[in-house]
Amino acid sequence: MALEILSAAKTFGGIIQYCRHQSVCTKTPMRFSVFTPPQATCGKVPILWWLSGLTCTEDNFTVKACAYRTAAELGLMIVAPDTSPRGDTVPNDEAYDFGQGAGFYVDATETPWAEYFQMYSYVTEELPALVFENFPADPIHQGISGHSMGGHGALTIGLKNPSVYKSVSAFSPIVAPSQCPWGIKAMGGYLGPDRTTWRPYDACALIEDGARLPDILIDQGLADTFLESQLKPALLEAVCAKAKQPLTLRRQEAYDHSYFFIATFIEDHLQWHAKRLK
């Protein structure tokens, strides 16, 4: 798995790099950004995986989240991958909520998506192996977070792999894709009509089926235009209460779905992860 460094820049004593490699999982070149904090000169550091939302690339978090000053202070590496395979040969959909830019962090089983859209395996297996081989990240201390579709990915990946990810948080996540238009379209398209195959990619269903984490942190803006139709945090709140799954769900008055919201509260999340990863 040859790694190509596309660019590098020093920031807050650390370094931010944009990288590219040929993926086995997606059969396409994949890009990601990685911030290495200054503490990495003395040894391996904890790592936080960030999963972005619909239409995003590795660039959105990297340039908009305002995360690296705090990450440098806390000694956290942050890796932000692209959200799906891309390219002329990769199948796509005319809408923004399916196809390229909307991988939903699942391993697709339906034609023609299955050949390329293996984002769950990419994020949980192939990309970590590449990062741990090439960067001073500590595989024993991993956390995961994300926004919207990426919040869905962070929650489901964390719930399915609690021994790997020691901390899990999300901003405005799709908590029940089986119960919202975005999720129903994506799950049906990638996984087929049998809804039992959707449950491993649905945070509410995973908790109902017994998955547990030590705790979960979620921030949700109350001015988010997708709040009632797509995100539905109250569903997760109810499931967690019934299952006695610890959840901190912070409803933030007047905040929307944008990266202005994420930038406002990212420091809280990074401190929350650092506390659990050290």
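These numbers were taken from a predicted model, which means no experiment stands behind them. Heads up: numbering here begins at 1 and tracks the sequence.
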> Just by distance, do the side chain of T41 and the backbone of P38 share a donor-acceptor pair under 3.5 Å?
Replying inline: yes
I'd like to know if Y105 and V90 are part of one continuous hydrophobic network [Ile/Leu/Val/Met/Phe/Trp/Tyr, side-chain heavy atoms within less than 4.5 Å]. yes
Under a 3.5 Å cutoff, is there a donor and acceptor pairing between the side chains of S52 and N60? no
Q.
Using the rule that Ile, Leu, Val, Met, Phe, Trp and Tyr join whenever any side-chain heavy atoms are under 4.5 Å apart, tell me whether V164 and V106 fall into a single cluster.
A. yes
Q) Is H273 close to S169 at the side-chain level, that is, under 4.5 Å between some pair of heavy atoms? A) yes
Worksheet item: Counting heavy atoms not belonging to E228, are there more than 12 under 6.0 Å from its CD?
Response: no
Interatomic distance, CD1@I5 vs CZ@R20, rounded to 0.5 Å, equals 11.0 Å
Donor-acceptor pair, side chain of Q100 and main chain of G87, under 3.5 angstrom: yes
The ring pair (Phe, Tyr, Trp, His ring centres under 6.0 Å) partner of H147 among Y259, F61, F261, F226 is Y259
message = I'd like to know whether R250 forms a salt bridge (charged side-chain N to carboxylate O under 4.0 Å, His left out) with D268, so could you lay out the CA-CA distance, the side-chain angles of the two residues, the decisive distance to 0.1 Å, and finally the verdict.
response = CA-CA 11 Å; R250 308 194 306 185; D268 291 355; 3.0 Å; yes
Quiz item: Can E126 and S23 be counted as having a side-chain donor-acceptor contact under 3.5 angstrom?
Solution: yes
Output for pair (C25 SG, M119 CE), nearest 0.5 Å, gives 9.0 Å
Kindly say whether L74 contributes a backbone atom to a donor-acceptor pair with the side chain of K278 at under 3.5 angstrom?
yes
Could you check if a side-chain atom of S145 sits within less than 4.5 angstrom of a side-chain atom of W49, using non-hydrogen atoms only? no
### Query
Hey, does C19 have a side-chain heavy atom less than 4.5 Å from the side chain of L6?
no
Review point. Does a donor on one side chain sit under 3.5 Å from an acceptor on the other, for Y190 and W198?
Key: no
Using the ring centroid of each side chain, check whether F171 and H269 are separated by less than 6.0 Å.
yes
- Cluster overlap I184 with Y96, hydrophobic side-chain contacts below 4.5 Å: yes
Rounded to the nearest 0.5 Å, the CG atom of L51 sits from the CD atom of E58 at a distance of 13.0 Å
> With the threshold set at 4.0 Å, does a side-chain nitrogen-carboxylate oxygen contact exist between K185 and D93?
Replying inline: yes
When hydrophobic residues are tied together by side-chain contacts of less than 4.5 Å, even through go-betweens, does V175 share a cluster with L247? yes
Taking every heavy atom of V168 against every heavy atom of G158, the minimum-distance pair comes out as CG2-CA, 3.9 Å
Side-chain donor-acceptor contact under 3.5 Å, S172 with S148 | no
From CA spacing to verdict: side-chain contact (heavy atoms from CB on, under 4.5 Å), T62, Y18
CA-CA 9 Å; T62 307; Y18 282 92; 3.1 Å; yes
Exercise for the section: Assess whether atom NZ of K160 is packed by more than 12 heavy atoms of other residues, nucleotides or ligands within 6.0 Å. Expected result: yes
Checklist line | L159 side chain reached by I207 side chain, heavy atoms, under 4.5 Å | finding: yes
Taking every heavy atom of P173 against every heavy atom of I218, the minimum-distance pair comes out as CD-CG2, 3.7 Å
- Query: Is the number of heavy atoms from other residues, nucleotides or ligands under 6.0 Å of R69 CZ greater than 12?
  - Reply: no
Closest non-hydrogen contact found for I16 with Y68 is CD1-OH, 3.6 Å
Is V79 linked to I140 within one hydrophobic cluster, defined over Ile, Leu, Val, Met, Phe, Trp and Tyr using a side-chain heavy-atom separation of less than 4.5 Å? no
Original post:
Does L227 offer a backbone N or O that forms a donor-acceptor pair with the side chain of Q220 under 3.5 Å?
Top reply: no
message: Tell me if a side-chain donor or acceptor on D97 pairs with a main-chain N or O of W182 at a distance below 3.5 Å.
response: no
Hey, does T36 have a side-chain heavy atom less than 4.5 Å from the side chain of F135?
yes
Handout entry: Intermediate values then yes/no, side-chain contact (heavy atoms from CB on, under 4.5 Å), L127 and F132
Key = CA-CA 9 Å; L127 182 58; F132 294 135; over 6 Å; no
Using modelled atom types only, decide if a donor and an acceptor are shared between the side chain of S167 and the backbone of R276 within a distance under 3.5 Å.
no
Check for me whether the distance between the ring centres of F35 and W50 falls short of 6.0 Å. no
| task | Specify whether Y122 and H21 have parallel, tilted or perpendicular ring planes, treating 30° as the upper limit for parallel and 60° as the lower limit for perpendicular. | result | parallel
For the ring pair Y255 and F260, is the centre-to-centre distance below 6.0 Å? no
Heavy atoms, side chains only, cut-off 4.5 Å: are T28 and R86 in contact? no
Value for CZ (F32) from CD (Q17), rounded to nearest 0.5 Å, stands at 8.5 Å
Scanning both residues in full, the closest heavy-atom pair of N134 with L130 reads ND2-O, 2.8 Å
- Task: Look only at the side chain of K232 and the backbone of Q179, and say whether a donor-acceptor pair between them is shorter than 3.5 Å.
- Result: yes
Note to self: Between S84 and G101 (side chain of the first, backbone of the second, donor and acceptor by atom type, cut-off under 3.5 Å), is there such a pair?
What the structure shows: yes
### Message
For F104 and Y201, I'd like to know if the aromatic rings sit close, meaning centre-to-centre distance below 6.0 Å.
### Response
no
When rounded to the nearest 0.5 Å, the distance separating CG of D194 from CE of M187 is 13.5 Å
Nearest heavy-atom approach of I266 to C66 is CG2-O, 3.9 Å
In sequence, state the C-alpha distance, the side-chain angles, and the governing distance for I144 and Q142, and then conclude on side-chain contact (heavy atoms from CB on, under 4.5 Å). CA-CA 7 Å; I144 192 165; Q142 299 184 60; over 6 Å; no
Practice task
Determine, step by step, whether H257 and T225 satisfy the side-chain hydrogen bond (donor to acceptor under 3.5 Å, both in side chains) criterion, reporting the C-alpha distance in whole Å, the side-chain angles of both residues, the deciding distance to 0.1 Å, and the verdict.
Solution key: CA-CA 7 Å; H257 200 69; T225 55; over 6 Å; no
Examine the side chains of D82 and T57 and answer whether a donor and an acceptor come within less than 3.5 Å of each other. no
All heavy atoms of P37 vs all of G75, minimum pair found to be CG-C, 3.6 Å
Q.
Please determine whether side-chain contact (heavy atoms from CB on, under 4.5 Å) holds for the pair M149 and T83, giving the CA-CA distance in whole Å, both sets of side-chain angles, and the decisive distance to 0.1 Å.
A. CA-CA 9 Å; M149 176 187 73; T83 55; 3.9 Å; yes
For this session: Just do the salt bridge (charged side-chain N to carboxylate O under 4.0 Å, His left out) check on K242 and E208 with the steps written out, would you?
Result: CA-CA 9 Å; K242 184 176 181 179; E208 287 176 343; over 6 Å; no
Value for SG (C204) from CG (L235), rounded to nearest 0.5 Å, stands at 5.5 Å
Do V45 and L76 come close enough that some side-chain heavy atom pair is under 4.5 Å?
no
Taking A108's backbone N and O only, do any of them form a donor-acceptor pair with Q118's side chain (distance below 3.5 Å, no angle check)? yes
Fill in: Side-chain donor or acceptor of R199 paired with backbone N/O of L206 under 3.5 Å
no
Only residue of D138, L277, V131 satisfying side-chain contact (heavy atoms from CB on, under 4.5 Å) with I47 is V131
Margin query: Are the side chains of P85 and K27 in contact, using a 4.5 Å heavy-atom criterion?
Written below: no
